[in-house]
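In listed order, ligands and their atoms are each counted from 1.
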Amino acid sequence: MKGTGIFISLEGIDGCGKSSLKESLHAYLSKYEVVSTREPGGTTISEKIRAMLLDIDNESMLPRTEAILYAAARSQLVEEVIKPALSAGKIVLADRYIDSTLAYQGYGRGLDLDYLLNLNHLCTGGVKPHLTLLLDISPEEGLRRRKKVIPDRLEKEGIYFQEKVKEGYLNIAREEPGRIKVLDGGQDHEIVLAAAIKYIDEILQHK
Ligand code: TYD
């Protein structure tokens, strides 16, 4: 990892608390150069794709169309933002990455996982996070925490869908325990933050 930056991604079901954790981690890492990303989005083209993906009028969007659009948005983000930041030795703090596609479109929508992995390998050139923090909470708690008055297209899927996504994330984590660390997102923010910082410090020490 020497000579390159550090890539950290945050994952979890809707309403799991990624955004507030990201804000606190940004503050904790203030002595470093940190580049923050959010998916889908983060470049001009990716934001246009985001609008398509979350539009509640696009009810007829096929799962495979959805998967390809997320991957296309990610492709632009990797090339325009993530790779340059890592080459410059910065820390990339990503709100969602490939694991979101595996959990939502794979486990949630039922698309083939190998197919999704290949598609995403094509779109990212194999760029992967060094560390992924998975905030695990119950779908009920996630729903309670979401403050949006009007849910977007994915949020309208309901508790059963979120349950499949949650279980999917836990399966993915079991397969890559070295990279993916599961945090109990139902705990107080300060406790979750302390656990996240412990994992990040381990990575920083080995840099
Ligand atoms: P967003 O409003 O950014 O939600 P959050 O704060 O929960 O990240 O919307 C992103 C939605 O897109 C969210 O429901 C998860 C979904 N998503 C996928 O289904 N697949 C993906 O690959 C990504 C990146 C997100």
Side-chain angles (χ1 to χ4, degrees), residues 7-26 36-43 45-56 58-59 61-78 81-82 92-113 115-124 127-129 132-169 172 180 183 185 192:
F7 185 7
I8 301 164
S9 63
L10 306 179
E11 294 282 358
I13 63 169
D14 297 354
C16 68
K18 283 182 287 93
S19 309
S20 37
L21 178 62
K22 189 164 119 178
E23 228 172 84
S24 302
L25 288 178
H26 221 287
S36 206
T37 66
R38 173 197 67 161
E39 284 201 33
T43 73
I45 293 171
S46 310
E47 288 294 332
K48 287 182 180 166
I49 299 174
R50 176 186 176 88
M52 257 192 278
L53 278 164
L54 303 185
D55 187 345
I56 47 171
N58 287 339
E59 254 174 37
M61 188 181 288
L62 297 170
R64 63 174 188 264
T65 308
E66 191 176 280
I68 290 165
L69 287 177
Y70 278 114
R74 184 167 300 131
S75 171
Q76 289 295 134
L77 184 70
V78 166
V81 180
I82 296 178
V92 174
L93 209 47
D95 185 340
R96 300 195 179 281
Y97 195 60
I98 296 174
D99 298 313
S100 281
T101 296
L102 298 178
Y104 282 81
Q105 281 65 53
Y107 288 94
R109 303 279 196 217
L111 292 182
D112 184 75
L113 294 174
Y115 165 79
L116 293 174
L117 278 170
N118 285 335
L119 173 67
N120 276 276
H121 192 83
L122 171 75
C123 289
T124 60
V127 173
K128 275 184 87 172
T132 296
L133 300 170
L134 169 57
L135 292 185
D136 184 44
I137 57 159
S138 70
E140 289 78 11
E141 177 68 5
L143 189 66
R144 205 181 54 75
R145 287 192 193 172
R146 269 182 269 155
K147 296 184 191 88
K148 278 190 209 165
V149 182
I150 306 167
D152 63 43
R153 199 175 56 83
L154 275 288
E155 287 171 339
K156 281 182 78 178
E157 288 295 332
I159 293 276
Y160 176 61
F161 181 73
Q162 296 292 327
E163 189 62 55
K164 286 196 286 185
V165 174
K166 170 189 158 78
E167 288 310 315
Y169 267 129
I172 300 166
I180 307 176
L183 307 179
V192 179

* His26 NE2: over 12 foreign heavy atoms closer than 6.0 Å ->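 Yes.
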* **Shortest reach to atom 17 (N) of ligand 1 by a heavy atom, considering only Tyr97, Tyr70, Phe161** =>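 It is Tyr70 that holds the nearest heavy atom.
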* Which of the listed options, Gln162, Arg96, Arg50, Arg38, holds the heavy atom that is closest to atom 8 (O) of ligand 1? ->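 Nearest heavy atom to atom 8 (O) of ligand 1 lies in Arg96.
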* **For ligand 1, the portion of Glu66 having any non-hydrogen atom under 4.0 Å away** =>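 Neither part.
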* For ligand 1, note which part of Arg109 has a heavy atom under 4.0 Å away: side chain, backbone, both or neither. =>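 It is neither part, as no heavy atom is under 4.0 Å.
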* To do: Using modelled atom types only, decide if a donor and an acceptor are shared between the side chain of Glu11 and the backbone of Tyr97 within a distance under 3.5 Å.
  =>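 Side chain of Glu11 to backbone of Tyr97, a donor-acceptor pair under 3.5 Å: yes, one is there.
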* State whether Arg96 and Asp14 are salt-bridged, where the test is any N-O pair (Lys NZ or Arg NE/NH1/NH2 against Asp/Glu carboxylate O) under 4.0 Å. =>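 Result for this pair is yes, salt bridge flagged.
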* **NZ/NE/NH1/NH2 to OD/OE distance under 4.0 Å, Arg144 and Glu141** =>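 Glu141 and Arg144: salt-bridged.
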* For the pair Tyr104 and Phe161, name the ring-plane relationship: parallel under 30°, tilted 30 to 60°, perpendicular over 60°. =>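 Tyr104 vs Phe161 ring planes: tilted.
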* Asked: Near Asp14, which atoms of ligand 1 are under 4.0 Å from a heavy atom of that residue?
  ->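 The list of qualifying atoms is 7 (O), 13 (C), 14 (O), 15 (C).
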* Asked: What atoms of ligand 1 come within less than 4.0 Å of a heavy atom belonging to Gln105?
  ->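 The atoms of ligand 1 under 4.0 Å from a heavy atom of Gln105 are 18 (C), 19 (O), 20 (N), 21 (C), 22 (O).
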* Can you check whether Thr101 has an N/O within less than 3.5 Å of an N/O in ligand 1? ->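 Indeed, backbone or side chain, Thr101 has an N or O that close.
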* Asked: Counting both backbone and side chain atoms, is some N or O of Tyr104 under 3.5 Å from an N or O of ligand 1?
  ->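 Checking ligand 1 against Tyr104, no N or O pair falls under 3.5 Å apart.
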* Any Ile172 side-chain heavy atom under 4.5 Å of Leu134 side chain ->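 No - every pair of side-chain heavy atoms lies 4.5 Å or more apart.
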